[in-house]
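Because the structure is a prediction, the values reported are computed rather than measured. One-based numbering, in listed order, for ligands and for the atoms of each.
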Amino acid sequence: MTACKSLTCAGRVLDLTTPQVMGILNVTPDSFSDGGLFVSREKALAQVRQMVREGASIIDVGGESTRPGANAVGVQEELDRVLPIVEAIAQTVGVTVSIDTSKARVMRETVKAGAGLINDVRALREPDAMAAAVDANVPVCLMHMTGEPRTMQENPRYENVVREVKVFLAERIACCERAGIATENILVDPGFGFGKSVANNLSLVKHLAEFTELGKPLLMGVSRKSTIGTVLGRPVNDRLFGSVALAALSYHSGASIIRTHDVAATMDVLRMCQAVRRAD
Ligand code: 9MG
């Protein structure tokens with residue numbers, strides 16, 4: 001089974017035969033890399049415009065940090081953070097808005113406000129999330145995570161991380177299709193950094209091509225994550241080279257969408273990889 005070559009998000013078509021970059025916009029006080037930077041509407045919009053100028057075709061708006069150890073936030077607080085920003089981006093910037101949430105109400109209200117993609121790190125396992133995604137009728141990214149962000153790094157254990165993550169994603173795909181989500185609206189993501197050891201994360205990148213057998217477009221988020229810090233001995237603000245190396249490897253192994261804080265550098269690297277892919 002081969003994955004769809006395009007994705008339609010609230011009327012916008014993304015061509016997945018060329019690499020797509022998803023720029024990260026955290027409107028949270030506590031995200032690991034950019035927490036607190038883009039909470040005001042003006043600062044958030046300026047950052048979105050910059051990422052779009054640099055080549056992002058999707059902006060992923062998140063109102064609850066998913067970094068290891070992060071505490072959950074209530075639904076109203078999350079909505080208060082993301083809804084005005086989603087609305088403002090959808091009304092004033094020509095770009096697909098992705099909503100990074102696991103909460104049904106946040107999905108429903110932000111899609112009504114113009115979000116064209118749901119990015120759920122819990123793969124629609126929260127109450128009513130599946131129904132909300134069916135009703136929303138926009139593409140949804142199903143990510144693998146073991147446990148919850150607050151505790152997920154305490155003792156991650158797998159017999160075979162690639163096989164187990166793949167089985168989980170296959171089951172979630174089947175569940176979504178049974179519930180009525182259109183097959184062409186499903187993306188998958190192995191969840192680099194979510195309940196996995198450094199060795200697990202490196203295995204996922206090394207064997208990423210196996211996930212293309214699921215027949216869905218692949219999204220990868222590696223940007224500035226702690227595995228890079230551990231391998232290279234770099235603090236969070238000094239992980240650009242490590243991040244783009246993993247982005248290049250991910251694209252080479254079949255990822256169509258790369259989620260990143262560093263849009264310009266990631267675009268250059270992916271365009272170069274694409275030029276090589278198209279050679280001969
Ligand atoms: C919200 N978020 C943080 N990291 C992520 C990743 O690797 N993938 C996806 N889909 N979302 C992420």
In ligand 1, which numbered atoms sit nearer than 4.0 Å to a non-hydrogen atom of [X]?
| X | answer |
| --- | --- |
| Leu219 | 10 (N) |
| Asn119 | 1 (C), 9 (C), 10 (N), 11 (N) |
| Thr66 | 1 (C), 3 (C) |

Taking Gln153 for its side chain and Gly195 for its backbone only, find out whether a donor-acceptor pair lies under 3.5 Å.
->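 Yes, Gln153 side chain to Gly195 backbone: donor-acceptor pair under 3.5 Å.
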Is a side-chain donor-acceptor pair under 3.5 Å present for Glu177 with Thr183?
->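 Result is yes, a qualifying pair exists.
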For ligand 1, find out whether one of its N or O atoms is nearer than 3.5 Å to an N or O atom of Met220.
->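 No, Met220 has no N/O under 3.5 Å of an N/O on ligand 1.
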Option whose closest heavy atom lies nearest to atom 1 (C) of ligand 1, chosen from Asp100, Asp189, Ile24 |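 Answer by nearest heavy atom: Asp100.
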Closest non-hydrogen atom pair, [X] against [Y]:
| X | Y | result |
| --- | --- | --- |
| Asp80 | Pro84 | O-CD, 3.4 Å |
| Arg125 | Met145 | NH2-O, 3.4 Å |
| Asp100 | Gly62 | OD2-CA, 3.6 Å |

Region of Arg259 engaging ligand 1 - heavy atom pairs below 4.0 Å |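 Near ligand 1, Arg259 shows its side chain, while the N, CA, C and O stay back.
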Matching residue for Leu25 among Val82, Val48, Asp60 - test: side-chain contact (heavy atoms from CB on, under 4.5 Å) |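 For Leu25, the side-chain contact (heavy atoms from CB on, under 4.5 Å) check succeeds only for Val48.
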In the protein, what heavy atom is nearest to atom 7 (O) of ligand 1, and what distance, to one decimal place, separates them?
->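 Going atom by atom, the protein heavy atom closest to atom 7 (O) of ligand 1 ends up being Lys225 NZ, 2.7 Å.
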